[in-house]
Amino acid sequence: LDRELLAHSKVTEQEYEASLAEYRGLLDERARLEVSAPIAGKVVDVDDGLTVGTWVKAKSRLASVIDPAAVIVEAYIDEADLDRIAVGDTAMFYAEADNRIEAPLRIAEIARASTRALRDPYLASVYGGPITVRTQKQNELIPDRTLYRVTLTPSAPLLPPTRVLRGQVMVRGEAASIAARTWRAVFAVVVREAGP
């Protein structure tokens, strides 16, 4: 073989490897920047400031995706009321934006652990919601009190919503007297302060 041709082939091979590495890096970057949702569904509530060519911060909310076939309601309940409800209890959803929207519900799941960070900004006080939050990190909404997430499903067929709705959920739970609730709160403080 010609020595010059052999030397040139090694340079070409190195250039090919460098180009291939750059191509793989660009594919990884493209995959990282691709916007996707964890579910298949319909895109609703697109951010008003979102336009083609606009740069957005990492983990910014761009839009909501709903699955019209699987309507669920997520609500948050105070720790003090946790023992008053159970899976299977009935409830009613009342939309905040339109008082004509009501939906009969049934409790499907109650979270075993308290909510550390609010997933939905709609409910946070900084965005006009009823749950007071503090922000320690960017885009992390931490509730000021101990709350538990409750998942509810429609107990009757509903028209699928076209957007995410914020509202109130009224649950039919066990009645509890104010004196009993106060006694439990005082007892919890005494136990906590007594230590091990």
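Applying the 6.0 Å contact sphere to OH of Y127 captures no more than 12 heavy atoms from other residues, nucleotides or ligands.
Residue Q168 holds its CD atom at 9.0 Å from CZ of F93, rounded to the nearest 0.5 Å. Going from atom CD of E29 over to atom CD of E34 covers 12.5 Å, rounded to the nearest 0.5 Å. To the nearest 0.5 angstrom, L105 atom CG is 11.5 Å from T151 atom OG1. Remark: L147 CG to E79 CD distance equals 9.5 Å, nearest 0.5 Å. The CD1 atom of I72 sits 9.0 Å away from the CD atom of E109 when rounded to the nearest 0.5 Å. Atoms CG and OG1, from D144 and T132 in turn, are 4.0 Å apart once rounded to the nearest 0.5 Å.
In this structure, the side chain of D81 does not engage the main chain of D78 through any donor-acceptor pair within 3.5 Å. Under a 3.5 Å cut-off, the side chain of R172 and the backbone N or O of T90 do not form any donor-acceptor pair. No side-chain donor-acceptor contact under 3.5 Å links R149 to the backbone of T115. Side chain of S19 to backbone of E15: a donor-acceptor contact under 3.5 angstrom is found.
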- [ ] Could you check V150 against E74 for side-chain contact (heavy atoms from CB on, under 4.5 Å), going step by step and ending with a plain yes or no?
- [x] CA-CA 6 Å; V150 178; E74 286 186 351; over 6 Å; no
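The shortest non-hydrogen separation linking I142 to R116 is CG2-O, 3.5 Å. Here the closest non-hydrogen pair linking V87 and A108 is CG1-O, 3.7 Å. Closest approach of A117 to P143, counting heavy atoms only: CA-CD, 4.2 Å. Here the closest heavy-atom approach between residue D89 and residue R84 is recorded as OD2-O, 4.2 Å. In terms of heavy atoms, P130 sits closest to R166 at CD-CD, 4.4 Å. Minimum heavy-atom separation, A124 to L141: CB-CD1, 3.7 Å.
No path of Ile, Leu, Val, Met, Phe, Trp and Tyr side chains, each step under 4.5 Å between heavy atoms, connects Y76 with L82, placing them in separate hydrophobic clusters. Y122 and V133 sit in two unconnected hydrophobic clusters of ILVMFWY residues. Membership requires side-chain heavy atoms under 4.5 Å apart, directly or through other members. Linking ILVMFWY residues whenever their side-chain heavy atoms come closer than 4.5 Å, directly or via other members, leaves I101 and L123 in distinct clusters. In the hydrophobic clustering of ILVMFWY residues, with side-chain heavy atoms under 4.5 Å counting as a link, L118 and Y148 come out apart. Linking Ile, Leu, Val, Met, Phe, Trp and Tyr whenever their side-chain heavy atoms come within less than 4.5 Å leaves I107 and M92 in two separate clusters.
A heavy-atom distance below 4.5 Å is not found between the side chains of R106 and L152.
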